[in-house]
Protein chains: 2
Amino acid sequence: MNLPPLIQTFVLHFGEMGSRWGINRTVGQIYALLFLSGEPLNAEDIVERLGVSRSNVSMGLKELQSWNLVRLQHKPGDRRDYFSTPDDIWQIVRTLVEERKKREIDPTLTLLREVLMQEPASAEERHAQARMREMHDLFELLTDWYADMQRLETERLVQLLKLGTKIQKILDVKDRLFPASGAKNRRSSDKDK
Amino acid sequence: MNLPPLIQTFVLHFGEMGSRWGINRTVGQIYALLFLSGEPLNAEDIVERLGVSRSNVSMGLKELQSWNLVRLQHKPGDRRDYFSTPDDIWQIVRTLVEERKKREIDPTLTLLREVLMQEPASAEERHAQARMREMHDLFELLTDWYADMQRLETERLVQLLKLGTKIQKILDVKDRLFPASGAKNRRSSDKDK
DNA sequence: CCGATATTTCAGAAAATACTGAAATAACAG
DNA sequence: CTGTTATTTCAGTATTTTCTGAAATATCGG
């Protein structure tokens, strides 16, 4: 590995982190390298910097492309492929969340819906279905919310995030102004501390 | 594997999904089984139902405990350990997010802070640091927001999520009432559609 | 303390995943 | 079409991870 120390630290860290998510070390390192790089890199650049085989880089880049996490570019008079990450880090977050949703949440929701259609054959299955219903409703709530957030402009999204707990006060005001609108989400207050 | 079909479908799915997250198939299956079960299960129950070795179950349960994802209980006159998941699914979500933050986000934030302290030795390192600063600020924004959300009662949290895009309208109202308070987050409006 | 039962540990086997080098394919310039 | 350069594929190898069975440890009742 042939990198300035500061960059190497980050690249190694992301290699390890990659393992915690579904991606392997090399893919994590390639992405980290591209993220930090000021200019697009070609496969040979990456080979030299990370010290892995050309074929490994090829497969890693293919995987990153399948995640829509890297952009393929070309330089005039150079027919090698150059890769880069979006300049806008929020765009990266959006893509990441979108892809993970596509691969993890959506298939799970599909499966839950299928299983919830079936007739339970015992008390055990009936309870299991009730549990799956809870999970289904939770996932649906979260994905609906996510769809809304994804639709917001980044500026608005950031504003919202920065609001943090203050949002609670705004909700209090809203409740006082329109007491009916949120009431259906309220159960008996026995759980309130 | 010795399970009612409906439950087996779910358990197998979560076993596979587990691989996408950092956990292995067996751990995913154990968790799915406990999640669906109406009553706490002991290790031997799990062995019979999943058809894996006793030692594998032991290690899987240990891992789930290290994630705070299962509760250990005892029955009177029975000295075996019984395991269950929280009844409240929102509690599960909270724990899951908290633990993933602890293992993935926090160490990354620590590393980013360390690296950002160092003096860049070249233009390349300077650019890399700027990039890491962006990531650091993003993570900090998200973790601050998350801390706020974690503090909310579940009812409030759900209310907030259900609000979805409507929040935007409330923000518009807020902006009209208190034009100053959110203004610092606004840049020039050239990006507005 | 003893015997019975429950759980954990751990070395090695089995399985899954990552990685490489070599060959195949593709894309282009002349 | 031919030679050159870029990229991909893939079979085999290396590495890592998961899983098991056996042994060790722990806990309890008597």
Side-chain angles (χ1 to χ4, degrees), chain A residues 1-2 11-12 14-34 40-67 69-84 103, chain B residues 1-2 11-34 40-67 70-84 103:
Chain A
M1 188 168 291
N2 182 18
V11 166
L12 289 175
F14 264 75
E16 299 313 318
M17 275 303 157
S19 320
R20 306 226 176 186
W21 295 54
I23 67 174
N24 69 43
R25 191 155 30 93
T26 306
V27 173
Q29 290 181 355
I30 293 173
Y31 193 78
L33 189 63
L34 291 175
L41 302 179
N42 64 44
E44 202 53 48
D45 294 334
I46 299 171
V47 166
E48 282 163 24
R49 290 180 182 249
L50 297 184
V52 295
S53 74
R54 182 64 183 75
S55 49
N56 199 0
V57 170
S58 177
M59 292 189 297
L61 287 169
K62 229 179 83 180
E63 169 137 17
L64 287 171
Q65 283 177 282
S66 83
W67 280 82
L69 280 172
V70 294
R71 188 174 309 267
L72 171 59
Q73 286 160 290
H74 287 279
K75 295 193 178 186
D78 184 342
R79 60 197 179 88
R80 288 171 294 180
D81 294 342
Y82 283 81
F83 296 89
S84 63
R103 289 158 198 245
Chain B
M1 187 169 288
N2 181 17
V11 166
L12 289 175
H13 179 82
F14 265 74
E16 299 313 316
M17 276 303 157
S19 320
R20 308 226 173 183
W21 295 52
I23 67 174
N24 69 41
R25 192 155 32 92
T26 306
V27 174
Q29 290 182 354
I30 293 174
Y31 193 78
L33 190 61
L34 291 175
L41 301 179
N42 64 45
E44 201 54 47
D45 293 335
I46 298 170
V47 166
E48 282 163 25
R49 290 179 183 252
L50 297 184
V52 296
S53 75
R54 181 65 184 72
S55 52
N56 198 0
V57 169
S58 178
M59 292 188 297
L61 286 169
K62 228 180 84 181
E63 168 138 20
L64 286 171
Q65 281 177 283
S66 83
W67 281 81
V70 295
R71 186 176 309 268
L72 172 59
Q73 287 161 291
H74 287 281
K75 296 193 178 186
D78 184 340
R79 61 195 179 86
R80 286 171 295 180
D81 295 342
Y82 283 80
F83 297 89
S84 63
R103 289 159 198 245

Report the residue from A/Asp45, A/Asn56, A/Val57, A/Val11 that forms a side chain to side chain contact (heavy atoms under 4.5 Å, CB included) with A/Leu50. A/Val11

Value for CZ (B/Arg79) from CG (B/Asn42), rounded to nearest 0.5 Å, stands at 12.5 Å

Atom pair CD/CG of A/Gln73 and A/Leu41 - distance to nearest 0.5 Å: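 Between A/Gln73 CD and A/Leu41 CG, I get 10.5 Å after rounding to 0.5 Å.
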
Take the protein atom [atom1] of [X] and the nucleotide atom [atom2] of [N], then report the distance between them rounded to whole Å.
| X | N | atom1 | atom2 | value |
| --- | --- | --- | --- | --- |
| B/Met59 | D/dT17 | CE | P | 14 Å |
| B/Asp81 | D/dT25 | CG | C1' | 14 Å |
| B/Ile23 | D/dT17 | CD1 | C1' | 14 Å |
| A/Ile46 | D/dA6 | CD1 | C1' | 14 Å |
| B/Asn42 | D/dT27 | CG | P | 18 Å |
| A/Glu44 | D/dT5 | CD | C1' | 11 Å |

Note, [X] side chain near [Y] side chain (heavy atom, < 4.5 Å):
| X | Y | answer |
| --- | --- | --- |
| B/Leu72 | B/Gln65 | yes |
| B/Ile30 | B/Val52 | no |
| B/Met59 | B/Glu63 | no |
| B/Arg25 | B/Glu16 | yes |

For B/Leu61 and B/Asp81, run side-chain contact (heavy atoms from CB on, under 4.5 Å): C-alpha distance rounded to whole Å, both residues' side-chain angles, the deciding distance at 0.1 Å, then the answer. CA-CA 10 Å; B/Leu61 286 169; B/Asp81 295 342; over 6 Å; no

Can you tell me if the side-chain N/O atoms of B/Arg54 get under 4.0 Å from OP1 or OP2 in D/dT20?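 So the side-chain polar atoms of B/Arg54 never come under 4.0 Å of the phosphate oxygens OP1 or OP2 of D/dT20.
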
Side-chain N,O (B/Thr26) to OP1/OP2 (D/dT18) below 4.0 Å: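 So the side chain of B/Thr26 is outside the cut-off, no N or O lying under 4.0 Å from OP1 or OP2 of D/dT18.
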
Would you check if the side chain of B/His74 reaches a backbone N or O of B/Tyr82 as a donor-acceptor pair within less than 3.5 Å?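 Absent.
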
When B/Asn56 and A/Lys62 are each assigned the nearest nucleotide of DNA chain D, the 5'-most assignment goes to A/Lys62

Nearest to side-chain heavy atoms of A/Ser55, which nucleotide of D/dT20, D/dC10, D/dT7: D/dC10

Residues touching DNA chain C, which here means a heavy atom under 4.0 Å, drawn from residues 72-80 of chain B: B/Arg79, B/Arg80

Min and max contacting nt of DNA chain C in 5' to 3' order, chain A heavy atoms within under 4.0 angstrom, are C/dA18 to C/dC28

